[in-house]
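Let me begin by presenting the structure, written as structure tokens, before commenting on it.
Since the model is a prediction, treat every value here as computed from it, not as a measurement. Below, all heavy atoms of this structure are taken into account, side chains as well, without hydrogens, waters or symmetry copies.
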Amino acid sequence: MARVYLKDHKRVPLFKNMVFGLKLGWEADKRLLSGYLINMVADRVFALYVQNILFLKVLLGIIDAKGSFEEYAKTLVLFLVLSVLLKGVNWYSSYMRQVAAKNVLKQINNKIFRKAVSLDIACYEDPEFYDKYQRATEVLAWSLFDSACSAVAGIIASLLALGLVIGMVTAIDRRYLLLLLPSALVFVVEVYKSRVVYKRDKEMTTNNRIKAYIQRTVFLKDFSKDMRTSNIFAVLMYRFREAIDSNIKILRAYGLKLFLFSAVSTLFGEFIPIIGTYALAAYQFVFTKSLTVSAFSVVLSSINSVKEATLSIAQSFEMMSRFAFYFQNMKEFLDFETNVKDGSEKCDTFESLEFKNVSFRYPSSEKLTLENVSFKIKKGETLALVGVNGAGKSTLVKLLLRFYDVTEGEILLNGKNVKEYELSSLRGLFGAVFQDYRNFALTVNENLMCHECDEDEKKRAEIALKQSGVWEKIASLPEKGDTVLTREFEKDGVGLSGGENQKLSVARLFAKDFEFAVLDEPSSALDPIAEYRMYESLISVTKGKTVLYISHRLSSAVLSDRIIVLDGGKIAEEGSHAELMAKNGVYGKMFTLQASSYNKQQEEVL
């Protein structure tokens, strides 16, 4: 099997990767490769053999034999009919390819998106993962599936045309074939050239990702205020220019080598075959008189057709060699194994949750974020997990939902290790509101229900919006719950404030049928009054449910049956609000400090 190699000696199987890429495209839509095959075979055979060789030979044969004008005219009419048929075939195959190409992009995009969503959260903290993802999406951004089908169809069509033309040349004089042998070296040159091109493009991946990030950031509303009120735009532009300058250096480093490859390819693929053939044909025609006018014309036309077919095959082969590397990137991305493995058990009800001697370290860190954490929460209980920022509270949620797996210890759900459950079943048990909440450029109702809504679901969404305290704002919008958030795609879209967005994310929880509510800083963007009202709604909506409050603001703790205080990744205190206040430890001091701060804010307002 043909293989090409990277500098680090990593072997990349050419044909295996091309088969992988073509198989993906074929499974997505068979018409893409079929359309190219129909178009290329008809076009190449007609242009390189029928038009340049066969038609010329027939016409010159009529003239040499002093045939009638009627024979000549019939030949012209036949050629016209074939040309019209070819145009029809090309139009049909072109239409077929255009439709299929869009479908292939859609299907493969969906495949990549589904893979990205299934990967561990830890991947998003790994620059190497982002580079793999970037190179995988380049296959689609550069329409490489389309180009790969074109290259393969071009090789098949050119080989067929080449076989027909060589048969014609051989019939005239076999010595002409010797002049084509240097063309075979073009294949070797193009393989090495493709390796260099891939290495060059790979070196530019990170720079291209930096450029794409800055280009995207400049247009995002989230960053617009900071861009206009600070010098951060200048810093971004410096990074942007730095990435471009780095790419220019990479291009220059590879420029001479690629030029030399192209020069050698031209020498073996064009210069030697053409000059040699013209010299031999001229010698036979002028000096030995062994070629007639018609044979001389056919030889020259045949050699040009052979040259075009050979170069087309070489270029297509070079493209395939380069595509093999990019399909390798996509294959590696789609084969990327997650550390968080799916279990086989289903989980439909909640009875208890236990953290048992749990310790956790992030992959990029040497320090434990959580250390020997143990606690248990039962059905219907309300637990508050409190502590200063960085104490490890949000990390605990990530472990609970299996965004990460524990480093040591175990988490038991209904007495079983959470690793035994299906991820979708496990996560479906919980209704979660995260501190880094995000709402999407969809309608309000779609943001709540997470799918397109019928009228009954819109009524459920309205109830949830009222419970979260944001319905008054949504009701004032022109389309109410059908209003699209942000103006990124809709000119009639609306932007909500930070507090309104957070209430909307809480409404998503209220609209869901859940057994266990996980509320990670659910009121971080709210003022004390709005926070109080939200907690009143939370108490009502979560009545009879199991609730885990996570916050550094302690208003939620008062509402809880039990409180756990995290400090430096360890459990510092545990008990009810009254017990911890009486103890006057970490919790008591935090609560007293926050209470005095709230009182001061109220006095300033009054």
What class does the angle between the rings of W91 and Y95 fall in, given that below 30° is parallel, 30 to 60° is tilted and above 60° is perpendicular?
parallel
Flag the pair F240 / F233 as yes when their ring centroid distance falls below 6.0 Å, and as no otherwise.
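Distance test on ring centres: not under 6.0 Å, no.
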Tell me if the centroids of the rings in F514 and F430 come within less than 6.0 Å of each other.
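Not under 6.0 Å, so no.
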Are L442 and L485 side-chain neighbours, meaning at least one heavy-atom pair lies under 4.5 Å?
no
Count the heavy atoms of every other residue, nucleotide or ligand shown that sit under 6.0 Å from [atom1] of [X], and state whether that count exceeds 12.
X    : atom1 : result
K512 : NZ    : yes
Y213 : OH    : no
K545 : NZ    : yes
K570 : NZ    : no
K341 : NZ    : yes
R239 : CZ    : no

Ignoring hydrogens, what is the shortest heavy-atom contact between [X] and [Y]? Give both atom names and the distance.
X    : Y    : answer
S359 : L368 : CB-CD2, 4.3 Å
F350 : E515 : N-OE1, 3.0 Å
V547 : F516 : C-CE2, 4.3 Å
S34  : W26  : OG-CZ3, 3.8 Å

Is there a side-chain contact (heavy atoms from CB on, under 4.5 Å) between D482 and K458? Walk through the geometry before answering.
CA-CA 9 Å; D482 291 322; K458 289 180 181 180; 3.2 Å; yes
Do we see a donor-acceptor contact under 3.5 Å between the side chains of E446 and T443?
yes
Look only at the side chain of Y92 and the backbone of N39, and say whether a donor-acceptor pair between them is shorter than 3.5 Å.
no
Carboxylate-amine/guanidinium contact E574 R562, below 4.0 Å:
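Salt bridge present between E574 and R562.
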